[in-house]
Amino acid sequence: MRSQLMVATTSSLALLVMGRISEWALAFAAGAAVATFNFWALARVVQRLVYVQRGAVLTLLLIFYGKLILSGIALYLLIGVWQVPVWSLVLGLSTVVVTITAWGLVHFGRTKG
């Protein structure tokens with residue numbers, strides 16, 4: 001989660017500074033914020049549900065659909081109402097993919113021992 005926060009924050013701040021707070025940079029930052037929120041919620045839920053014996057499936061479904069609804073509302077507002085540039089929003093949403101790929105490359109092949 002710390003890596004995702006660093007990637008999303010530094011890339012958003014760099015684009016905001018270089019783009020002089022342009023609409024494109026703001027859309028990227030909004031996409032990175034939505035992606036980071038979803039990633040954080042997933043990490044938090046999985047850590048807690050590992051220890052739950054009863055009702056874990058229902059809890060997971062409720063949280064999944066809650067996140068889906070909130071993300072849908074956020075994307076509707078960003079694309080439909082405020083009409084932000086879609087490609088910059090998609091690039092912001094892909095910060096999670098970049099983080100997971102970088103983390104995997106760094107940790108791939110490490111052996112314990």
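Side chains are part of it too, since the values below use all heavy atoms of this structure and drop only hydrogens, waters and symmetry mates.
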*From Leu42 CG over to Phe37 CZ, what is the distance, rounded to the nearest 0.5 angstrom?*
11.0 Å

*Mind listing the closest non-hydrogen atom pair of Thr101 and Val97 along with its distance?*
OG1-O, 2.8 Å

*Do Val7 and Phe108 sit in the same hydrophobic cluster, where Ile, Leu, Val, Met, Phe, Trp and Tyr count as joined when their side-chain heavy atoms come under 4.5 Å apart?*
no

*Distance, nearest 0.5 Å, that separates CH2 of Trp87 from OG of Ser94*: 10.5 Å

_Euclidean distance, Phe28 CZ relative to Ser11 OG, rounded to 0.5 Å_ = 3.5 Å

*side-chain contact (heavy atoms from CB on, under 4.5 Å), paired with Thr59, selected from Leu61, Val57, Leu62, Ile63*: Ile63

*Within the distance-only criterion (no hydrogens, no angle test), does the side chain of Ser71 pair as donor or acceptor with the backbone N or O of Leu68 below 3.5 angstrom?*
no

*What are the two closest non-hydrogen atoms of Glu23 and Gln83, and how far apart are they?*
OE2-O, 3.5 Å

*Using the rule that two of Ile, Leu, Val, Met, Phe, Trp, Tyr join whenever any of their side-chain heavy atoms come within less than 4.5 Å, decide whether Tyr76 and Val86 are in one cluster.*
yes

*asked:* Quick check for you: to the nearest 0.5 Å, what is the distance between Leu15 atom CG and Ser88 atom OG?
replied: 9.0 Å

*Look at atom CD1 of Ile21 and say whether more than 12 heavy atoms of other residues, nucleotides or ligands are closer to it than 6.0 Å.*
no

*Between Leu93 and Gly31, what is the shortest heavy-atom contact and its length?*
CD2-O, 3.3 Å

*Looking at CD of Gln4 and CG of Asn38, how far apart are the two atoms once the value is rounded to the nearest 0.5 Å?*
10.5 Å

*Could you state whether Val106 and Trp103 fall into the same hydrophobic cluster, counting links through intermediate Ile, Leu, Val, Met, Phe, Trp or Tyr residues with side-chain heavy atoms under 4.5 angstrom apart?*
no

*What distance do Leu89 atom CG and Leu75 atom CG have between them, rounded to the nearest 0.5 Å?*
6.0 Å

*Single-linkage hydrophobic cluster, 4.5 Å side-chain cutoff, Tyr65 and Leu60 together*: no

*Closest approach of Thr36 and Leu5, non-hydrogen atoms and distance?*
CG2-CD2, 3.7 Å

*Atom of Phe39, atom of Met1 and distance for their closest heavy-atom approach*: CD2-SD, 3.7 Å

*Are Val96 and Trp40 connected in a single hydrophobic cluster, I mean Ile/Leu/Val/Met/Phe/Trp/Tyr linked by side-chain heavy atoms less than 4.5 Å apart?*
yes

